[in-house]
Amino acid sequence: MRPHNLTIPAPARRAARLVRLRSGPPSAVVGARREDEGVRIAVTIDAAEPGGTGLSGWLQVLADDGAPTGPPRRAADLAAAVAEHECADPRPRWVWAATDSDYPRLLCAGVRVERCHDTALTEALLLGRAGRFGEPRSLEAAWARLHGLPVPEDPKPAARQEQGALFGAAAAEIAGVDAATSAQRRLELLTEVHARQLRRIAGTAPAGFATLVAAESAGALAAAEIAAGGLPWRVDAHDAVLTQLLGPRPFGDAPPAKLAELATRIGSALGHPHGRGFNPDSPAQVLRALRHAGFPVQSTRAWELRRVEHPAAALLLEYKELSRLHAAHGWAWQDAWVKGGRFRPEYVVGGVVSGRWATRNSGALQIPRIMRRAVIADEGWSLIVADAGQLEPRVLAAVSRDLGLARAAAEGDLYAALAAEAFDGDRAAAKRALLGAMYGQTSGGIGSLLTVLRKRFPVAMAYVEDAARTGERGGVVHSRLGRACPPPSSGWRSVVSGLPADEDGAAAGQAAQAGGAEPDLDADAGSEPGEHDPARRSGQAARSRGRFTRNFVIQASAADWALVWLAVLRRRLSGIAGGADRAQSGAAGLFAAAPHLVFFVHDEVVVHTPAALAQESAAAVAQAAEEARRIVFGPTPVRFPLATAIVDCYADAK
DNA sequence: AGCCCTTGCGCG
DNA sequence: AAAGCGCGCAAGGGCT
């Protein structure tokens, strides 16, 4: 019943079962298959040689507890060896050091796998459980930690592609291996690190943590496959949107006609002769000009400009909107990111402390909605666009087990149900109240709304307020499946305690800030009185962290659900069609005839599917959502309804 | 020239 | 009284 084939003493197993029956997530059973079935095989791939063809490497079959059951085996044709093992039923779980570097190479060789255990992602989850965020997670680092040796830094993500060989060599050297035999030696490190990870996972409550580990690795497979398959992106449709809004594509770095015109008009409106010499992209210039014109604005933010009754303000708003489209997702972006009718996002699985994915370089998760017009299915294909609406409030209902809120969350429109139950039918008020409760909002006159929530949904409100208090005290909270939030930095502790920071405070603070968990400790050196009052600073920092942990228990649990949704969906989709098209080689062949994931953004997936399989694919999306609900939350009246559309163009969904 | 920080806004 | 969470990216601007 466990998601992993772990060696656990019988009493511990019984205890885990009891916990699950009471409140924990049930075991991961995907389809009719138990997650722990099948063999594990550790694999390392030889470093790519210039001009080399094909993949070679090493394999080793492992027992349930990660112990080798046979000798390491050399695979001169690794892709063929992996493909052969993938024919087994049940399929193996591949154990490797890093999906994001190993799996694209297999995909490129035309091989897909069903399951894996990524030791780097697993190491990061386990380090997080130990309060050690930001420590290196590479195979070499994990192995060095096991042996008390100096731990090599992880390669910088940007450097991975260009200088990967250098960093890899440095890390290998620390682990006492020489580059020529590294794949064989790395196999030894890998099996050792993996076996130890299995034991660490088994020793980690709650039971859902093993599910989280499996889902994180499955997510990494999905991310690599999305990049390999690519999101269909029509440059002609993209050009049409840009041209309509900005004018024709300019030559070189010249600004588009529309932006140049707006800049001139803004300059004129602000009193510059012929509109020259004014840069609307400079907040400092805009601020100065508006103040000079008699408007005491604090910033040039859009919400503040909307209140400024000056002809330049409306023009500035228009300029900012178009300028952003041009700068962030204009022609330069298209040149850099769209190749062969596909946009390939570089996802960073687990790149956000909450477990959400991040992306690198392309801004894939911030693509303006209007640009979805460029996402058009291939001829004879369709897009399935599915969005888990109102995910976070539903997750709050499920994790808190508040029966009243769960009743509302059993409905298709949670906010409307909430409004009917407690807010005299005022849906907007119900929504503001719930969002305010989840984010820790106190301003904007929502105090009375929160009072209503506290009275009518005391269990849910106590859940988030407990999380906030834990954070304010410097404690750690967890997602439903057991992902840990970062502990406070020593900088935070010193501000909150009023004592000076300790020696290594700076480094710890930086790590935590990079993780996004740290409130801004030197917030706003403005002119408010009392801002240097230590008591006041302490309270600010404490409350800020309270808002973070308050939201973490919801956002991270929502990410748990979404990750499992994605993992289950990926597997279901792979079972739908005839699979690979042998006529095409490499990754292209893998996705040439079968429905596959092409985009994922927090609570929304896009599947590209042959039109004839669209209904079947859409059903898989819905079944996966239901299965994710069961795996992550167990028995609950809360529903996670999807808004699903079968469309030719992404923009036509909702 | 290149680094680092701030500002502002896109997405969920 | 303080004043809603999580991100990535581009441009400006100050600095070395």
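Below, chain A is the first sequence line, B the second, and so on; all start at residue 1.
Between B:dG8, C:dC5, B:dG10, one nucleotide has an atom nearer to the side chain of A:E321 than all others, and that is B:dG10. Listed nucleotides B:dG12, B:dC9, C:dC7 differ in distance to A:K320; the shortest reach to its side chain belongs to B:dC9. Here C:dG6 is the nucleotide among B:dC9, B:dG10, C:dG6 with the atom lying nearest to any side-chain atom of A:H602. Comparing B:dC11, B:dG12, C:dG4 against the side chain of A:Q441 picks out C:dG4 as the nearest. Across C:dA11, C:dG4, B:dG12, the shortest atom-to-atom separation from the side chain of A:T442 is found for C:dG4.
Distance, A:W303 CH2 to B:dG8 P: 10 Å, rounded to whole Å. Rounded to whole angstrom, the span from the CG atom of A:L317 across to the C1' atom of B:dG8 amounts to 12 Å. Regarding A:M438, its CE atom lies at a distance of 10 Å from the C1' atom of C:dG4, rounded to whole Å. If you measure from atom NE2 of A:H326 to atom P of C:dA10, you get 12 Å, rounded to the nearest angstrom. Computed from coordinates, the A:L449 CG to C:dA3 P distance equals 19 Å when rounded to whole Å.
Where the helix from B:dA1-C:dT16 to B:dG12-C:dC5 starts and where it ends, the local axes point in directions that differ by 10°; five pairs per end, rounded to 10°.
Note on A:R324: a base of the nucleic acid sits closer than 4.0 angstrom, heavy atoms only. Using a 4.0 Å heavy-atom cutoff across all strands shown, A:R369 reaches sugar-phosphate atoms only and no base atom. Within 4.0 Å of A:R432, counting heavy atoms only, lies no atom of the nucleic acid at all. Nucleic acid contact for A:A364: none, since no nucleic acid atom lies under 4.0 Å from a heavy atom of the residue. Across all strands shown, A:L435 has heavy atoms under 4.0 Å from base atoms, whether or not it also approaches the sugar-phosphate. Residue A:R301 is in sugar-phosphate contact alone, with no base atom involved, counting any heavy-atom pair closer than 4.0 Å across all strands shown.
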Distances for protein N/O vs nucleotides 12-16 of chain C N/O pairs under 3.5 angstrom?
residue	atom	partner	partner atom	Å
C:dG12	OP1	A:N279	ND2	3.1
C:dG12	O3'	A:S282	OG	3.4
C:dG13	OP1	A:S282	OG	2.4

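Under the salt bridge (charged side-chain N to carboxylate O under 4.0 Å, His left out) test applied with A:E216, the options A:R483, A:R137, A:R356 reduce to a single match, A:R483. Exactly one residue among A:R427, A:R639, A:K431 makes a salt bridge (charged side-chain N to carboxylate O under 4.0 Å, His left out) with A:D413. That residue is A:R427.
A salt bridge links A:R249 to A:D335: at least one charged side-chain nitrogen sits closer than 4.0 Å to a carboxylate oxygen. With respect to A:K258 and A:E321, no salt bridge is recorded, no charged nitrogen being found less than 4.0 Å from a carboxylate O. Salt bridge A:R369/A:E604: absent, no basic N to carboxylate O contact under 4.0 Å. In summary, A:E626 and A:R629 engage in a salt bridge, as defined by a charged side-chain N under 4.0 Å from a carboxylate O.
Across every non-hydrogen atom of A:A222 and A:L597, the tightest pair is CB-CD1, 4.3 Å. Heavy-atom minimum distance, A:V476 versus A:A484: CG1-CB, 4.3 Å.
For A:S443 and C:dG4, the shortest distance from a side-chain N or O to OP1 or OP2 is below 4.0 Å. Regarding contacts with the backbone of C:dC5, a side-chain N or O of A:R547 is found under 4.0 angstrom from either OP1 or OP2.
Between A:R543 and A:Q555, the residue anchored closer to the 5' end of DNA chain C is A:R543, taking for each the nucleotide with the nearest heavy atom.
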Carefully, step by step, assess A:F600 and A:I226 under the rule side-chain contact (heavy atoms from CB on, under 4.5 Å). CA-CA 9 Å; A:F600 172 58; A:I226 291 172; 4.3 Å; yes
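A donor atom on one side chain and an acceptor atom on the other are found under 3.5 Å apart for A:Y319 and A:D281.
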